[in-house]
Amino acid sequence: MSRKWERMVSRNTKIANKRREKSGKKPISADDGTKFMGRSWMLPIVFVMIDVFYAVTFVSSANSSIYWVTIASYLLLALLFWWRRPYLKIGRKELTLRKWSANKSVSAEEINKITLQKGFVIVELKAKRRRWVFSHLLQLYNTDKMAEKLQEFARVNAVTIERED
């Protein structure tokens, strides 16, 4: 399909989904790619540790209500980072990433190379020599399945791929 045709299909799908949403129907599912969900677990643990530290250390000065607000805030922050899961979405011609706040997308032309290691996937970008690192240990991504899909993505879009074992 040409790019013009793809844009037209995308635009018409968005319009149709808005109409279907107003009438209470399910949206048309466009096959946008495969999404690999991770889990941020290190920062929530740090927030819980800080929370326990405040609870144990300043228990004698618990007269203030700001003390309890601080403890509750750290717990809420830990829960927020636990449920806001990072992901990598592999589309036909682009990769989309969400780590902390906003989604970041790069097209296949902006990718320098993809390196596959046991437990790690590294996507090197051409702009400013940046790298996206996906880890099974730190972010709980399924790196084996991710590697398979990225190999297919690299083959279709002519992106350099390295395999290190």
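In this text, all values refer to a predicted model and were calculated from it rather than measured experimentally.
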Taking atom [atom1] of [X] and atom [atom2] of [Y], what is their separation to the nearest 0.5 Å?
X      : Y      : atom1 : atom2 : answer
Ile45  : Met49  : CD1   : CE    : 8.5 Å
Ile161 : Ile111 : CD1   : CD1   : 10.0 Å
Ile50  : Leu77  : CD1   : CG    : 9.0 Å
Leu150 : Ile122 : CG    : CD1   : 12.0 Å
Lys89  : Lys35  : NZ    : NZ    : 5.5 Å

Option from Val106, Leu97, Leu95 for which side chain to side chain contact (heavy atoms under 4.5 Å, CB included) with Val123 holds: Leu95

Do you know which two heavy atoms are closest between Thr143 and Val121, and how far apart they sit? O-CG2, 4.0 Å

Please report the shortest heavy-atom distance between Ser40 and Pro86, naming the atom on each side. N-CD, 3.9 Å

Is there a side-chain contact between Gln139 and Trp41 in this structure, where contact means two heavy atoms from C-beta onward sitting under 4.5 Å apart? no

Minimum side-chain heavy-atom gap Ser107-Lys93 below 4.5 Å: no

I'd like to know if the side chain of [X] and the backbone of [Y] have a donor-acceptor N/O pair within less than 3.5 Å.
X      : Y      : value
Thr57  : Tyr54  : no
Arg163 : Thr115 : no
Tyr87  : Arg39  : no
His136 : Tyr141 : yes
Asn157 : Arg92  : yes

Using a cut-off of 6.0 Å, state whether more than 12 heavy atoms not belonging to [X] lie near its atom [atom1].
X      : atom1 : answer
Arg20  : CZ    : yes
Glu110 : CD    : yes
Lys149 : NZ    : no

is_close_aromatic(Phe134, Phe120), centroid dist under 6.0 Å: no

Can you confirm if the aromatic rings of Phe81 and Phe47 lie within a centre distance of less than 6.0 Å? yes

